[in-house]
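Heads up: the structure comes next, in structure tokens.
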2 protein chains.
Amino acid sequence: MESKGMRPDPFQRDCGSRQVIDRIGDRWSVLVVLTLADGERRYGELAEHIDGISQKMLTQTLRGLERDGLVTRTVHASVPPRVDYALTDLGHSLLDLVSGLEAWATTHLADVQAARVRYDAEVLRRPPATTRPARR
Amino acid sequence: MESKGMRPDPFQRDCGSRQVIDRIGDRWSVLVVLTLADGERRYGELAEHIDGISQKMLTQTLRGLERDGLVTRTVHASVPPRVDYALTDLGHSLLDLVSGLEAWATTHLADVQAARVRYDAEVLRRPPATTRPARR
DNA sequence: CTGGATCCCTTCCGATACTG
DNA sequence: CAGTATCGGAAGGGATCCAG
């Protein structure tokens with residue numbers, strides 16, 4: 001139980017805020033949230049839209065987001081079954097941030113790729129260190 | 001080579017923008033960037049400030065950030081050796097976003113934790129499905 | 001002090017098969 | 001259609017020892 005005066009500090013290993021950052025940082029969570037930006041989507045729609053995600057990871061990611069109160073899961077008792085996912089208010093509050101992430105990624109992609117090429121070329125030019133004598 | 005008219009699309013599996021998102025999503029990258037927000041830091045300072053990070057992960061994370069052009073690495077030829085890390089302009093452009101992430105995490109931590117408790121309690125109440133007959 | 005190299009255990013994650 | 005169950009390979013990540 002944290003007292004009112006204490007702010008959560010992600011630099012402390014046991015602070016829950018680090019778990020929150022981890023979830024946001026999750027590879028698929030960002031893409032799922034972005035896909036739900038325009039409104040609710042069916043399970044299959046999500047799977048189709050997010051190229052390369054496996055059934056397992058999609059389900060697992062959705063469960064995680066649901067558990068954290070970021071998305072809702074609505075089961076329609078019909079045949080065939082239909083399940084809709086949508087962002088909660090909490091989820092929407094995250095949307096701005098995540099959109100910003102996407103925007104940053106797309107606008108600075110070229111810079112990052114250029115930096116990588118430069119770095120890799122530099123590393124290749126480095127001598128193998130004073131020669132590594134086989135140990136012993 | 002992408003033509004000018006094509007925007008990077010993180011929903012495509014092979015788009016580089018997804019790699020960028022992955023780096024941001026990296027567990028330690030966010031914390032390292034945040035630590036460098038106030039200016040350059042020595043290797044040891046970073047290690048001390050980010051509770052729970054191992055030497056290996058710190059070094060690995062810094063290399064990744066350096067490769068992507070987000071941080072600079074400055075070696076001072078002294079004894080004992082001293083290495084300073086600092087954000088590049090590109091790194092600074094990311095800082096706003098990452099700070100937003102931290103802010104969101106800390107302000108909504110309580111909501112997330114409450115949602116988890118609710119969800120977990122709900123799951124426990126669920127019946128073990130129509131009974132699992134030992135297969136066959 | 002700042003790491004590089006290794007060992008090794010854990011977690012992630014994709015592929016596949018099966019159920020309501 | 002929307003999952004769950006399971007297996008095995010790949011990657012993540014900590015501990016330790018060593019070098020410049």
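Residue numbers start from 1 in every chain, and the chains themselves are labelled A, B, ... in the order their sequence lines are given, proteins ahead of strands.
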Query raised in the report: With a 3.5 Å cut-off and no angle check, do the side chains of B:Tyr43 and B:Thr59 form a donor-acceptor pair?
Result: yes
**Report entry** Sub-4.5 Å side-chain heavy-atom contact between B:Thr72 and B:Glu66
**Finding:** no
Query raised in the report: Can you check whether A:Glu48 reaches A:Leu46 side chain to side chain, under 4.5 Å on heavy atoms?
Result: no
Query raised in the report: Between A:Leu97 and B:Leu101, is any pair of side-chain heavy atoms under 4.5 Å apart?
Result: yes
Report task. Tell me which residues in residues 33-59 of chain B put a heavy atom below 4.0 Å from DNA chain C, sorted by number, or none. Result -> B:Arg42, B:Tyr43, B:Gly44, B:Gln55, B:Lys56, B:Thr59
Query raised in the report: Rounded to whole angstrom units, what separation is found between the CG atom of B:Asp26 and the C1' atom of D:dG12?
Result: 10 Å
Requested in this report: Calculate the interatomic distance between B:Gln60 atom CD and C:dG3 atom C1'; express it in whole Å.
Outcome: 13 Å
Query raised in the report: Does atom CD of A:Glu45 have more than 12 heavy-atom neighbours from other groups under 6.0 Å away?
Result: yes
Query raised in the report: What are the two closest non-hydrogen atoms of A:Glu102 and B:Pro10, and how far apart are they?
Result: OE2-CG, 3.7 Å
Query raised in the report: Could A:Arg41 and A:Asp84 be called an ion pair, given the rule that one side-chain N must be under 4.0 Å from one carboxylate O?
Result: no
Query raised in the report: Among residues 71-87 of chain B, which contact DNA chain C at a heavy-atom distance under 4.0 Å?
Result: B:Arg73, B:Pro80, B:Pro81, B:Val83, B:Tyr85
Query raised in the report: Whole Å only: how far is the CG atom of A:Leu62 from the P atom of D:dT4?
Result: 10 Å
Query raised in the report: Rounding to a whole Å, what distance do you find between A:Arg23:CZ and C:dC12:P?
Result: 11 Å
Requested in this report: Decide whether B:Arg118 and B:Gln113 meet the rule of one side-chain donor and one side-chain acceptor closer than 3.5 Å.
Outcome: no
